[in-house]
Structures are given as structure tokens and as C-alpha cells.
Amino acid sequence: MDSPGYHKYIPQALGYPFTETEFVADGTGRVSRQGGVGLYHRLSSGHETKYFYGTPDQKELDPIFGTEVGDHSHYFKTWCGMQWPV
């Protein structure tokens, strides 16, 4: 497409010039998944970012913070990506 001036530097969003955020339905305000701008990054495209929440294991905390960090049940864990970490 031949666009004059600065318009030639604006990417085509193909009908999706916005992002969309879906929240967890538990009233906490935490994000469940988030889409990006454009047709290929919208929600349910397979390219959205998914967020996961949980509690870390003690074996994850000790090497990072030392053994005096306290019990793992006092901490929260948040990560994002395309799949649940193993």
C-alpha cells in the first residue's frame, strides 16, 4: 500500500488496532490472558500471552534466597508464557 508521509511507517492492524485483556473470574483483578495488536496476536489466536498463578515449592526458593527465606506457603508465584511450566 502506498501511503504518503508518516502513514507508511504505521503497521496494518487488519481490523484489530487494540489489545484485549481477559481477567481471572475470581475477583482478584489478576490477568488470565492478554492479546496483542493485530489480527495475528488477538485473543484465541494462539499467540496471546497467558498468565499462571501458584505457590512456589520450597526447593525453588532455597537456592535463590537461602534457607532462611521461610516457608514456601507464604509466597506467591506468577509466570507467563504459552504453557504451564514443568
Is a side-chain N or O of Asp57 found less than 3.5 angstrom from the main chain of Lys59, in a donor-acceptor match?
-> no
His47 side, atom NE2; Tyr40 side, atom OH - distance, nearest 0.5 Å = 9.5 Å
What residue pairs, at least two apart or across chains, pass ring-ring contact (aromatic ring centres under 6.0 Å, His included) with a residue in residues 58-78?
-> none
If you link ILVMFWY side chains whenever their heavy atoms are less than 4.5 Å apart, which other residues fall into the same cluster as Leu43? By chain and number, please.
-> none
Shortest non-hydrogen pair, Asp62 vs Thr67, comes out as OD1-CA, 3.9 Å
Is any side-chain heavy atom of Lys77 less than 4.5 Å from a side-chain heavy atom of Thr55?
-> no
What pairs of donor and acceptor atoms, side-chain ones from residues 30-37 against any protein atom, are under 3.5 angstrom apart with sequence neighbours left out?
from, atom 1, to, atom 2, distance (Å)
Arg30, NE, Thr28, OG1, 3.1
Arg30, NH2, Asp26, OD2, 2.9
Arg33, NE, Glu22, OE1, 3.4
Arg33, NE, Glu22, OE2, 3.0
Arg33, NH1, Glu48, OE2, 3.4
Arg33, NH2, Glu22, OE1, 3.2
Gln34, OE1, Tyr51, OH, 3.2
Gln34, NE2, Thr21, OG1, 3.2

